[in-house]
Amino acid sequence: MKRTFKGELEPASPRWLCSRGLAAAEAGSLKIESWRNDDADIWNSKIIPAFNKRYPDIKIEFAPSAPKEYNAALNARLDGGTAGDLITCRPFDASLALYQKRQLDGLDDLKGMDNFSDVAKAHGGPTTARDVLRPIASVIAGFIYNKEAFAKVGVSEPKTLEEFHACSRN
């Protein structure tokens, strides 16, 4: 199911969203896919009501999947043509794969893209997918640690994720 909607995009919602077609908004409804099932309450009690104050004729359905099942469930829905209209994308390679399979629409010509700062556009995702991804919240892309505190307890600076985890066990 491929739909196309070109509207205005504002950086105002707490997830990374990937567009795969938003024509449903013209029909009066949008379904949002997410792996953040623990966020359902805030979406349903705060975010969607705030959106509906400005756009009362658009019905929003926040449809999360369990985090561990999200990638497989989303891929099955995309392959079957039943996925939502806005997709919360996993950072980096998983989203690039969706883009390469042509399951995400581009956003570069979408009105409102100039609302995103250069920092928001430099999300760390794959360069070839920057036209389909827009972060609209913070994403942890690394850790900051105190070298002096590490030195004080005799732990050397970790160079790999495995070494970082080993530090936390000490």
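None of these values were measured; they are calculated from a predicted model.
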Separation of I60 CD1 from K31 NZ (nearest 0.5 Å)
13.0 Å
Results of side chain to side chain contact (heavy atoms under 4.5 Å, CB included) for E69 - residues two or more places apart only
A66
Among I87, L98, L74, which residue meets the side chain to side chain contact (heavy atoms under 4.5 Å, CB included) test with Q103?
L98
With sequence neighbours excluded, tell me which residues meet side chain to side chain contact (heavy atoms under 4.5 Å, CB included) with A73.
S65, R77
Would you be so kind as to tabulate the donor-acceptor pairs closer than 3.5 Å made by side chains of residues 44-53, with sequence neighbours excluded?
unit_1 : atom_1 : unit_2 : atom_2 : d
N44    : ND2    : A40    : O      : 3.0
S45    : OG     : D41    : O      : 2.7
N52    : ND2    : Y55    : O      : 3.2
N52    : ND2    : I58    : O      : 2.7

Once salt bridge (Lys or Arg N to Asp or Glu O under 4.0 Å) is applied, what residue pairs with a partner in residues 146-156 remain, sequence neighbours excluded?
K147-E157
Quick one: list whatever passes side chain to side chain contact (heavy atoms under 4.5 Å, CB included) with D38, sequence neighbours left out.
R36
Can you list the residues that meet the side chain to side chain contact (heavy atoms under 4.5 Å, CB included) rule with F150, with sequence neighbours excluded?
Y145, V155, P158, C167
What's the separation between atom CG in N37 and atom CZ in F62, rounded to the nearest 0.5 Å?
8.0 Å
Nearest-0.5 Å distance, CD of residue E61 to CG of residue D85
9.5 Å
